[in-house]
Amino acid sequence: MKTFKALSALLTYPERDLQEAIPAIRAAFGEGLLPPRAIAALEPLLVSLETGDIYDLQERYVLLFDRSRTLSLNLFEHIHGESRDRGGAMVDLLETYRAGGFDLAGAELPDYLPVLLEFLSQRPLTEARGILADAGHILVALAERLARRESVYAAVLEGLVTLSCADPATEEAQALLAQQDDNPEDLAALDAIWEEAQVTFGPDPDAGCPVSRDILARMEPAQARPSR
């Protein structure tokens, strides 16, 4: 399950230790979970992370994932926005991590995609694929949005789509893709989007899109099993 861990690392904020780990990450893809074409597609990102200026890499990352709400790597952001429903879903997810012997070491939220991938790297492959599939429509949307921007990060999301066997034609995926992409340079528009998201409340944390419920439902049986 090194592939899940490697993909998790590639989606984290670039630091010098990530640059130094690129040879090991490249080697991890040799375990054969991803097809050769998907591995080849990752090479431009690997090269840029390995050889690029760290400050340029960090600026690129922030512009993509921190200043573009439609590219957020926090999965529940695409379901609940900043409403109170998201908080309840994250508490449940955090409890599920802990029940599986997985504790968050950093300050990231439980629904942060690299955190989920780190957890999945410790689960049996069939279980990990099933959990990932429940977020498949979000992965499809992220992959397409990154591809539109011709970002080298698109290959990571496309690899996750492949691992999850996600179908881009589903109603949920198409609904996400129909949303207008953020312009990270338009700060006024981004502020308006965040303000709108904060007043979107609903009584059911699983309303609209069942991904949080489905992810948790698939994880629940894992609590009774020892980690492998």
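FYI, side chains are in, hydrogens and waters are out, and symmetry mates aren't considered; it's all heavy atoms of this structure. Source: prediction; values computed, not measured.
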Please check: side-chain N/O of Y97 versus main-chain N/O of P110, any donor-acceptor pairing under 3.5 Å?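 Confirmed, Y97 side chain pairs with P110 backbone.
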Would you say D53's side chain and D56's backbone share a donor-acceptor pair under 3.5 angstrom?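 Present.
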How close do [X] and [Y] get, counting heavy atoms only, and between which atoms?
{"X": "T70", "Y": "L142", "result": "O-CD2, 3.6 Å"}
{"X": "L49", "Y": "Y153", "result": "CD2-OH, 4.0 Å"}
{"X": "A155", "Y": "A41", "result": "CB-O, 3.2 Å"}
{"X": "Q19", "Y": "G52", "result": "NE2-O, 2.9 Å"}
{"X": "A133", "Y": "S164", "result": "CB-O, 3.6 Å"}
{"X": "L75", "Y": "A135", "result": "CD1-CB, 4.2 Å"}

Can you tell me how far [atom2] of [Y] sits from [atom1] of [X], rounded to the nearest 0.5 angstrom?
{"X": "D66", "Y": "Y61", "atom1": "CG", "atom2": "OH", "result": "6.5 Å"}
{"X": "L116", "Y": "L73", "atom1": "CG", "atom2": "CG", "result": "11.5 Å"}
{"X": "L46", "Y": "I39", "atom1": "CG", "atom2": "CD1", "result": "10.0 Å"}
{"X": "L117", "Y": "K5", "atom1": "CG", "atom2": "NZ", "result": "11.0 Å"}
{"X": "L57", "Y": "E50", "atom1": "CG", "atom2": "CD", "result": "11.5 Å"}
{"X": "R67", "Y": "S72", "atom1": "CZ", "atom2": "OG", "result": "15.0 Å"}

Determine whether [X] and [Y] make a side-chain contact, defined as any pair of heavy atoms from C-beta on separated by less than 4.5 Å.
{"X": "I22", "Y": "L10", "value": "yes"}
{"X": "Q122", "Y": "F4", "value": "no"}
{"X": "R60", "Y": "L63", "value": "no"}
{"X": "V152", "Y": "L42", "value": "no"}
{"X": "V62", "Y": "Q58", "value": "no"}
{"X": "H137", "Y": "E171", "value": "no"}
{"X": "Q179", "Y": "R145", "value": "yes"}
{"X": "L139", "Y": "L163", "value": "no"}

Do the side chains of V47 and I25 join up, straight or via other hydrophobic residues, at under 4.5 Å, putting them in one cluster?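 Different hydrophobic clusters.
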Is a side-chain donor-acceptor pair under 3.5 Å present for S68 with R149?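 Their side chains do contain a donor-acceptor pair, which is all the 3.5 Å distance test asks for.
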More than 12 foreign heavy atoms under 6.0 Å from CD of E59: is that the case here?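 No, because the 6.0 Å sphere around CD of E59 holds 12 heavy atoms or fewer from other groups.
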Matching residue for V140 among T170, D167, L176, V161 - test: side chain to side chain contact (heavy atoms under 4.5 Å, CB included):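 Considering T170, D167, L176, V161, a side chain to side chain contact (heavy atoms under 4.5 Å, CB included) with V140 is found only for V161.
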Step-by-step salt bridge (Lys or Arg N to Asp or Glu O under 4.0 Å) determination, R148 to E144: CA-CA 6 Å; R148 290 174 188 168; E144 175 62 26; 3.4 Å; yes
What verdict does the side-chain contact (heavy atoms from CB on, under 4.5 Å) test give for L18 and Y13, after you've listed the backbone C-alpha separation in whole Å, the side-chain angles of each residue and the deciding distance to 0.1 Å? CA-CA 9 Å; L18 175 60; Y13 183 73; over 6 Å; no
Carefully, step by step, assess L109 and F76 under the rule side-chain contact (heavy atoms from CB on, under 4.5 Å). CA-CA 10 Å; L109 296 173; F76 293 163; over 6 Å; no
Mind checking side chain to side chain donor-acceptor pair (under 3.5 Å) for E31 and listing every partner two or more places apart, or none if nothing turns up?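 By the side chain to side chain donor-acceptor pair (under 3.5 Å) rule, E31 matches T3.
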Kindly indicate, with the supporting measurements, whether the criterion side-chain contact (heavy atoms from CB on, under 4.5 Å) is fulfilled by L11 and L160. CA-CA 11 Å; L11 288 176; L160 291 173; 4.3 Å; yes
